[in-house]
Structure formats: C-alpha cells, structure tokens
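The block underneath contains the structure these notes are about, expressed in structure tokens.
Residue numbers start from 1 in every chain, and the chains themselves are labelled A, B, ... in the order their sequence lines are given, proteins ahead of strands.
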Amino acid sequence: MIADSMSLAPRLETLLGGEWVTVGDTSRWAVDGVIPGIAVRPGDSEQVGAVLRLCGEAAAAVVPWGGGTAIEVGNPPRPPHVALLTDRLSGLVEHDAANLTVTVGAGMTLGALDGVISGQGQFFPLEPPFAERATAGGAVAVNLNGPRRAHCGSARDLVIGARAAQADGTLIKAGGKTVKNVAGYDMCKLFIGSLGTLGVLTELTLRLLPVPETSRTVAVWGDDPSDLLRLSGRVLESPLLPAAVVVVVDAVAAGALGRNASGLLVRATGFEAAVARQVRDVTAWAAQAALDAETLEGEAEGALWQAIRDFAWAGGGIAIRVTVPSGDVPAVFGRLRSALPASSGAVVHAASGTIWIHADPAGFTATALGAVREISAGYSGNVLVARAPRALKASGDVWAPGTPPRTLEIMRAIKQAFDPIGTLNPGRFVAGL
Amino acid sequence: MTLAPLIRRLQAIVGNAYALHRPEDLIVYEQDALMVSRHKPDLVVLPDTTQQVSEVVRAVRELGLPIVPRGAGTGLAGGAIPERGGVVVALTRMTRVHDIDPISKTAVVEAGLVNADLTAMLEPYGLFFAPDPGSQVAATIGGNVANNAGGPHCLAYGVTSNHVLGLEVVLADGTVTWVGSRALDEPGYDLTGILVGSEGTFGIVTKAIVRLLARREAVRTLLAIYDTMDAACEAASAVIASGIVPEALEIIDGMSMRAVNKTLQAGFPEDAEAALLIEVEGLAESVPVLIERIEAICHRQGARRIQTAATAQDRMGLWKGRKHAYGALGKLARRAIMLDVCAPRSHLARIMRQITEAGTRLNIQVANFFHAGDGNLHPNLLFEFDDNSPEYARVVATTEDIMWACIAVGGTITGEHGLGMEKREYLGWMNSDADIAAMKRVRDAFDPDGAMNPDKVFPTGRPVHGTIPSVRAAGGADR
Ligand SMILES: Cc1cc2nc3c(=O)[nH]c(=O)nc-3n(C[C@H](O)[C@H](O)[C@H](O)COP(=O)(O)OP(=O)(O)OC[C@H]3O[C@@H](n4cnc5c(N)ncnc54)[C@H](O)[C@@H]3O)c2cc1C
C-alpha cells in the first residue's frame with residue numbers, strides 16, 4: 001500500500017500535467033491539522049473521475065476541496081489523503097434566464113455566480129457563510145444554509161440537476177434543468193449534504209429567483225432576548241411573509257454587528273407597498289412591546305446580513321449549529337443560554353429553527369457540548385459541531401443524535417455501494433461513513 | 001402454491017374483512033388511472049396500523065411474493081398495478097392525523113390520508129399542505145410522496161419533496177424505521193429526499209411528517225384568452241421572465257375549452273385557441289400590484305380578453321374550466337391518455353408547436369391543459385380504438401415523439417406522474433447506463449431482493465405496451 005501511494009504522485013502528474021499536482025508544499029490544504037500528501041487540480045469532470053480511480057487504486061483517501069470556507073465540517077480526515085481542488089471546474093455552462101436556472105461548474109464560487117446572473121436581475125438565495133468564496137459544489141455538499149432559507153428554500157429545494165464523478169471514475173448525472181422532474185429517483189438529494197462521500201460534484205443546475213425590487217430590514221434592539229424571541233414569534237405567526245427573521249443574542253453576537261444589545265432583525269423584500277406594510281407592522285409591534293426599532297436599507301442592511309450569515313464562522317473559535325422544530329426555538333434557546341459559557345454568542349434563525357452558536361474554545365468544554373446535545377435531543381433536534389479544536393471534535397461524532405439503527409444500515413449500504421473501497425472523504429461523515 | 005395458509009395468516013393480522021382474496025374483490029385492484037393495463041393481484045390487504053403493515057410484509061415475504069404498495073390508485077403511470085401478481089398493500093384505512101403543530105407548521109399523518117382531507121383539517125389553523133394535485137380529493141399523502149406529486153400551486157410553493165420532512169417506512173424485511181425528523185438538517189444522507197419519488201420501490205411509507213404553510217391573506221386570479229397557443233405561451237414566458245413567479249400559471253387549449261363548454265357552459269369563446277390562468281397570493285398590498293403587472297404583460301402579448309377575480313366565488317368561476325378539463329375529455333373521444341412531460345420554460349411555445357405537429361403527423365387528436373409556469377405539459381391523446389388494436393401503435397408513436405421533443409430541449413419525460421410501468425422503458429432515453437446503475441444501487445440498499453413494487457421505474461426490456469415495440473428505441477440508445 002505504501003509503495004502504491006508513493007507511485008501515486010507521478011501517476012497523477014502523468015494524468016493531469018505536472019503544474020496541476022502539488023506534492024510536499026500542501027499545508028494550506030490541511031484539515032483539522034491533517035496535511036494532504038498531494039493536492040491536485042483536475043481540469044474537467046473526466047479528470048476528476050480519473051483522479052478518483054487512481055487514488056482508489058493507491059488506497060489514498062480523497063478530500064474534495066471547494067473554496068475551503070467550510071472544509072472543517074465533518075470528522076477529521078484519515079491520512080494519507082489527497083486534496084482534490086475543484087477550482088478549475090469553475091465555468092459557466094448555461095444561464096437560461098427565461099427558465100430561471102443556471103448550470104455551472106461545481107468549482108464556481110457563489111460570488112462569481114452572482115456576477116453572472118445579477119445583471120439579468122436574478123440571484124441564487126442559498127447564502128452560506130462566506131458565500132463570496134464558497135463554491136457551488138462545496139456549498140451543496142456541506143448543505144449549510146443562510147438567513148433566507150425558510151423563505152427562499154434550502155439547497156435541497158434549489159438544486160435541480162447535478163453531475164458527479166464516482167469513486168470508480170465513472171460520471172453520472174442527476175436531475176436536469178426542469179423544475180419538475182420525476183424520471184427516476186431524485187438522485188440530487190443523495191449528493192446534497194453528503195459531504196462528497198458518495199461522489200465529487202462536478203456540475204450543478206440551480207434554481208434562481210428574481211432580485212426583489214425593494215429590501216428593508218427592521219432592527220429591534222433590546223436587553224432581554226426573550227422579549228425579542230416573543231416578538232419574532234408574533235412576526236412568524238402573522239400573515240407577513242418576511243424573507244428572514246433572526247434574533248441576535250447577547251453582547252458577543254451583537255458585538256459582531258457593532259452593537260451592544262440583543263436584536264431582532266426582520267427582513268422584508270418584494271414590492272415597495274408590501275415591504276412598507278411589513279416594516280410598518282413590525283415597527284408597531286415593537287413599540288407595543290416597548291422596544292426601539294430602526295429601519296435599515298442599502299449598504300448598512302447588506303453589511304448587517306452578511307455579518308449574520310458569517311457570524312459563527314468569522315474569526316476563529318467554535319461554531320456549532322443546533323436545529324430544532326421552529327416552534328421550539330424559544331424553549332430550546334432559554335435552556336441553551338443557561339448551559340453555555342458567557343463568552344459564547346448565538347444567532348437564532350427563528351423561521352427555520354436553526355441556532356448558530358459561536359464559542360471561545362478556552363471556555364467551552366466537552367461537558368458544555370454534552371449539555372447542548374442533550375437539550376437539542378429533548379426537542380427532536382440535531383447538533384453539528386461545525387468547527388472546533390480537534391480534541392473536542394474527536395470526543396464523539398460531530399453530528400448528533402445518532403441515526404436510527406436500521407436507517408443507518410441503509411446509509412452504510414449506500415456508501416458501500418457507491419464507494420466500496422472508501423476513497424471519498426472516508427470516515428468524515430455521520431457515524432464515520 | 002396454495003395461498004390458503006397465507007390468507008389465514010393475513011386475516012389474523014388485519015381481520016377477515018381486510019384480507020381480500022375473492023376474484024370479485026380483487027378486480028378493483030387490477031389497475032390504477034393508467035387505464036391501458038390491468039393485472040390481477042393474488043391478494044389485497046388493508047392494514048390499519050404500521051405494526052400490521054410490518055407483520056403483513058413479513059408474512060408475504062416469507063413466501064417470496066412481491067408486494068405492491070397502493071394508495072388511492074389515482075396514479076397515471078401504472079405504479080400501483082400488480083403486474084407480477086403478489087400482494088397489494090393498500091393504505092386507505094390508515095388515515096389518522098397524529099399531530100398538528102401550528103407553531104412549527106408541521107403535521108404527522110398516516111400515509112392513507114387523502115390529500116384534500118388534510119387540507120380541510122388544517123383550515124381552522126389557517127394552514128394548508130401545499131401539493132395540490134388535480135386528484136387531491138382522492139389521492140393519498142403516501143401516493144403523493146411515492147410519486148412526488150405536484151399541482152397547479154407547486155409553481156411557487158414547490159412539489160411534494162419540498163414539503164416532506166420525514167417518513168416512517170416499513171422495509172421489505174418488515175422492519176419499521178424513520179428517516180428525517182421534525183427538525184431540518186437531520187444528520188446523514190437525505191433518505192427522506194430520495195424516498196420521495198421512489199414510486200413504492202423502497203418500502204411502504206406508513207407515516208409522513210409534512211411541512212405546512214400559512215394561508216396567504218390575499219388571492220387574485222386572472223384569466224386571459226388568446227387567439228393562438230403561441231401567444232399564450234409567449235405570455236406565460238414573459239410573466240416569468242419579468243421576475244414574477246405567480247402561485248399558479250396554467251394554460252388550457254381551445255379543444256379543452258370547447259369540451260368544457262359542452263359539459264358546463266363555462267363561457268369560453270368557441271374560437272379561441274388558448275386561455276392563460278394565473279393566480280397570485282400574498283399580502284394585501286402586493287397582490288394588486290402583481291395582478292396589475294401581469295395584466296399589462298398579458299395585454300402586451302395580445303390577449304383578446306382578460307378577466308380578474310378577487311372573491312372566492314369569482315375565482316372558482318375562473319378555475320372551473322381548468323378543474324373540469326380532465327372530466328370533459330369524455331366529450332371529445334372514447335379514450336384518452338394523459339401524458340406528463342416537462343420542458344424548460346424558455347421553450348414553451350416551441351414545444352407546444354411540436355406537440356401539435358406530432359398529433360397531426362400521426363393522426364391523433366391532442367387536447368392540452370397544463371402547468372405552464374413550470375413547463376409541465378399534459379398533452380391528452382384522444383382516440384376511439386381499443387388499446388389492444390394495432391392502431392394503438394400511433395398513440396405510442398405520438399407519446400414517443402412528444403417525449404423526444406422535450407428531451408431535445410433539455411426537458412424530461414415525466415414531471416410529476418412518475419415512470420411506473422408506462423414510461424419505464426424510456427428511462428434510458430434520459431439517463432446513461434451509469435446513471436441507471438447508480439439508481440439501482442440505491443434501490444438495492446433499501447430492498448436488496450427487489451420485493452417492493454418490482455419492475456417499476458427501471459427498464460425491463462419488454463415492449464412498452466402489449467406487443468407494440470418502441471418505434472424510437474434506436475434513437476434513444478444514441479444518447
Ligand atoms: C384526474 C387526475 C388528476 C391528476 N392530477 C395530478 C396532478 O396535478 N399532479 C400530480 O402530480 N399527479 C396528478 N395525478 C396523478 C396521481 O393522482 C398522483 O400521482 C397521486 O399522488 C397518486 O396518489 P394515490 O394515492 O392515488 O397513489 P396510487 O395511484 O395508489 O400509487 C401511486 C404510486 O405510489 C405507490 N404508493 C402509494 N402509496 C404508497 C405508500 N404508502 N408507500 C409507498 N408507495 C406507495 C404505488 O406503489 C404507486 O407506485 C392525477 C391523477 C388523476 C386521475
């Protein structure tokens with residue numbers, strides 16, 4: 001096996017050309033401190049397939065790399081491994097504006113994608129952390145969503161077609177470019193959120209939305225987050241159709257937004273008359289609750305939402321995602337607050353039931369993590385330790401809770417069938433898949 | 001093999017009345033809404049609980065018989081037809097609603113619950129289940145899940161897969177397990193996502209956690225009459241291209257309008273070739289703005305007449321023609337087959353012309369009413385002969401021409417009805433052997449013995465219908 005992996009680099013060089021293979025100087029592609037022996041940059045999907053086949057033959061694990069913005073998500077990789085960079089798969093295949101779809105290479109960043117489509121008044125609403133640098137393939141594989149998820153859909157609602165290179169090197173496609181398609185199983189779903197463990201995405205077809213005419217955000221600031229959560233509940237139970245409803249809790253999180261209080265942020269998008277109505281209603285409800293509200297728009301609004309989007313990931317530190325049924329958010333949040341060290345902050349995406357926690361590694365122990373998991377489990381929720389010091393990550397699976405045994409058996413059978421020798425991100429996914 | 005011991009065992013599990021074995025009781029389960037195919041099951045079981053489903057599956061599998069899950073039998077692709085015999089497990093008695101959570105906007109329901117009954121039950125909460133297939137007064141949630149059903153309002157709200165968070169499934173070995181959960185982001189592969197649309201080939205869905213939406217405070221409907229189908233399609237494309245995604249955007253063609261006129265005096269002009277039906281929902285402030293803009297676009301695209309409606313009664317009036325179009329087909333011909341194909345919305349006008357041409361070329365009348373907003377077309381092929389007559393070859397040929405035209409512009413051979421038996425031989429027109437092999441690997445992970453709904457979805461190599469070979473088989477293999 002060692003002989004195999006030693007001969008791997010020259011074989012990859014023969015395949016791709018020496019300039020697209022890096023050996024030795026690869027520390028910037030380290031994941032959880034594990035440095036890949038080799039980094040490769042295939043130029044098309046056939047080359048991706050060929051790389052996977054060669055690595056499989058050499059028993060080397062492959063860690064697919066997009067923009068690297070969320071590369072830590074998952075259990076630590078197993079050495080020796082090869083970093084497979086998708087940055088050369090970044091071309092535009094087709095923007096069918098009248099169909100509200102775009103097909104792009106998986107290595108295109110969402111920033112570049114926006115450059116392609118915004119001129120036609122369209123946008124892709126996924127908004128994962130650091131969307132400018134995140135690639136389409138990486139964002140879909142890791143399935144982190146953003147503030148507008150409940151309103152505009154998540155990766156599983158927005159990806160309608162995909163191409164992937166499988167572990168044996170063969171290429172497959174899933175879905176297509178129609179928004180409805182039931183010709184065979186919905187294979188896109190298998191790849192979304194599977195962390196590249198079933199295949200390397202090489203191309204994606206995405207649904208786009210028209211850019212709303214107007215966007216404004218009501219920011220309500222207060223000292224007691226429970227007041228703000230109550231108000232967010234009122235907004236969500238009202239007929240209003242806000243694009244995002246987020247509660248930013250405590251000074252730590254607020255500090256990231258340049259504030260020193262907790263805040264409720266309600267974003268209204270659409271036609272002027274509808275936006276004005278939503279702003280008016282939320283402002284009035286805030287006043288009834290004796291809370292101050294202001295309205296943000298333009299650059300200030302954009303900067304605010306970007307800070308919220310990146311909140312848990314900005315700077316170093318621990319990033320944890322807790323997802324619960326949206327109605328349980330106030331209860332879960334109340335309990336989480338007392339379990340978390342004071343140095344942590346949280347951003348609550350009230351409509352999708354997603355709570356992002358950002359914590360200082362110094363004050364955050366495995367016991368605190370255990371408490372977070374226990375609280376979430378009490379509400380049929382789940383926890384992802386998205387980024388943490390290696391020791392904390394290694395204290396258990398980064399995903400919780402465990403999957404029901406028979407369901408996990410099916411997942412294992414799928415992994416085994418798609419990647420029998422364990423080339424694709426082995427051990428990094430749920431339950432070591 | 002004598003079935004008597006199995007019948008006794010099944011009767012013990014579900015009660016004598018719910019294990020059917022007499023020929024006259026089985027007849028109902030020979031077919032679904034595909035109409036041109038029927039096969040008798042050996043037995044039919046109507047379980048009442050998940051536990052019973054599990055015990056039934058174990059008992060049947062011990063004898064190695066295939067199992068065909070069934071909801072209301074409204075499927076149009078033959079998915080519920082027990083082609084190889086075996087035991088049909090019909091979920092129609094399992095209609096309980098276990099939980100409605102109006103704050104999280106979720107419900108846990110049994111698979112046999114009828115779609116429209118769920119929405120009726122949600123009325124007091126101001127909530128609804130978005131997928132609204134034309135068959136919603138009969139079709140079950142389990143059937144919607146299995147076929148990933150759509151409907152007029154799926155344009156804005158999404159199809160079934162966008163509204164299912166989790167499922168309870170009975171697998172082919174009889175085990176009961178859950179996939180997904182009430183919370184988003186359930187760790188692991190998205191088995192919920194892949195189960196939706198698996199046409200009963202992975203297991204029997206017994207419960208679903210569904211996502212609910214709040215009723216919008218305002219709704220407006222618009223009906224625009226056009227002289228030509230081309231103009232109506234261009235208008236539909238122009239609405240979408242202008243950045244408006246209405247909640248529904250349907251088209252009804254001249255032939256269907258005239259048929260509806262005959263059955264219920266719908267008042268469509270006799271000489272118009274298409275009507276565009278658009279519905280927008282939302283805030284009281286935005287809906288009038290939207291409808292005004294849509295009206296302007298429809299005018300610009302040459303609408304002959306435009307009506308708008310705001311009250312529930314007036315809106316129903318505008319929808320009447322669309323809702324009754326399927327029923328009115330009987331006025332046009334003795335037999336009708338409803339096709340289901342999709343094209344990118346940027347190609348609507350072109351594909352509709354090709355559909356007309358295909359009908360003309362093969363001398364088959366085609367009536368159309370369809371979900372234009374998402375490019376989901378329903379050409380209805382009308383004919384007088386039986387499906388076992390040699391003339392039926394023209395129906396097959398028309399179907400194939402239409403599917404082929406859709407594929408050529410990046411469309412698909414089925415948007416919402418599924419492959420079932422009807423279109424399984426065509427999967428290879430769209431997908432490579434490697435794509436199909438990948439799908440089979442997933443099926444095998446759920447059901448390694450192929451016990452659940454065998455021979456559905458995947459090509460069998462047999463003629464598509466009776467003895468009629470596919471005329472285009474060679475063309476398909478080219479791709
Ligand atoms: C007039 C008419 C209009 C229609 N309009 C639409 C429309 O607008 N949109 C649309 O998408 N469809 C439409 N359909 C098609 C059909 O109604 C849908 O596919 C519906 O979802 C089928 O539900 P069912 O309960 O009748 O399922 P069935 O016909 O009983 O079964 C359909 C498939 O699902 C499987 N299945 C059923 N229940 C289960 C279960 N519990 N677990 C596992 N597998 C199961 C069966 O094996 C079969 O493969 C229409 C049909 C008719 C007749």
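Residue S242(B): no heavy atom, backbone or side chain, is found under 4.5 Å from chain A. Residue contact with chain B, scored on non-hydrogen atoms closer than 4.5 Å, involves the backbone and the side chain of F418(A) alike. Both the backbone and the side chain of A438(B) come within contact range of chain A, judged by heavy atoms closer than 4.5 Å. Only the side chain of K105(B) comes within less than 4.5 Å of a heavy atom in chain A; its backbone stays farther off. In this structure, no portion of Y426(B) lies under 4.5 Å from any heavy atom of chain A. Of the atoms belonging to R216(B), it is side-chain heavy atoms, and not backbone ones, that fall under 4.5 Å from chain A. With a 4.5 angstrom heavy-atom cutoff, E217(B) touches chain A only via side-chain atoms. Of the two parts of S198(B), the backbone and the side chain both hold a non-hydrogen atom closer than 4.5 Å to a non-hydrogen atom of chain A.
The side chain to side chain donor-acceptor pair (under 3.5 Å) with K180(A) is formed by just one residue from the set T414(B), T412(B), N376(B); it is N376(B).
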- request: Start with the C-alpha gap between R163(A) and D435(B), add the side-chain angles, then the distance that decides, and say whether salt bridge (Lys or Arg N to Asp or Glu O under 4.0 Å) holds.
  value: CA-CA 10 Å; R163(A) 287 180 189 272; D435(B) 301 342; over 6 Å; no

- request: Mind running side-chain hydrogen bond (donor to acceptor under 3.5 Å, both in side chains) on D185(B) and T323(A) for me, showing each step along the way?
  value: CA-CA 7 Å; D185(B) 299 325; T323(A) 312; 2.9 Å; yes

task: Starting from the C-alpha separation in whole Å, work towards a yes-or-no answer on side-chain hydrogen bond (donor to acceptor under 3.5 Å, both in side chains) for N162(B) and D157(A).
output: CA-CA 6 Å; N162(B) 306 111; D157(A) 307 305; 2.8 Å; yes

task: Give the intermediate values and the outcome of ring pair (Phe, Tyr, Trp, His ring centres under 6.0 Å) for residues Y185(A) and F458(B).
output: CA-CA 10 Å; Y185(A) 304 143; F458(B) 294 107; 5.5 Å; yes

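H371(B) pairs by the ring pair (Phe, Tyr, Trp, His ring centres under 6.0 Å) definition with H378(B), not counting sequence neighbours.
When only modelled atom types and interatomic distance are considered, S380(A) and S181(B) share no side-chain donor-acceptor pair under 3.5 Å. In this model, no donor atom of one side chain and acceptor atom of the other lie less than 3.5 Å apart for R441(B) and Q416(A).
Among the candidates S326(A), A417(A), P325(A), the residue making the largest number of heavy-atom pairs closer than 4.5 Å to chain B is P325(A).
Closest approach of V182(A) to G415(B), counting heavy atoms only: CG2-C, 3.6 Å.
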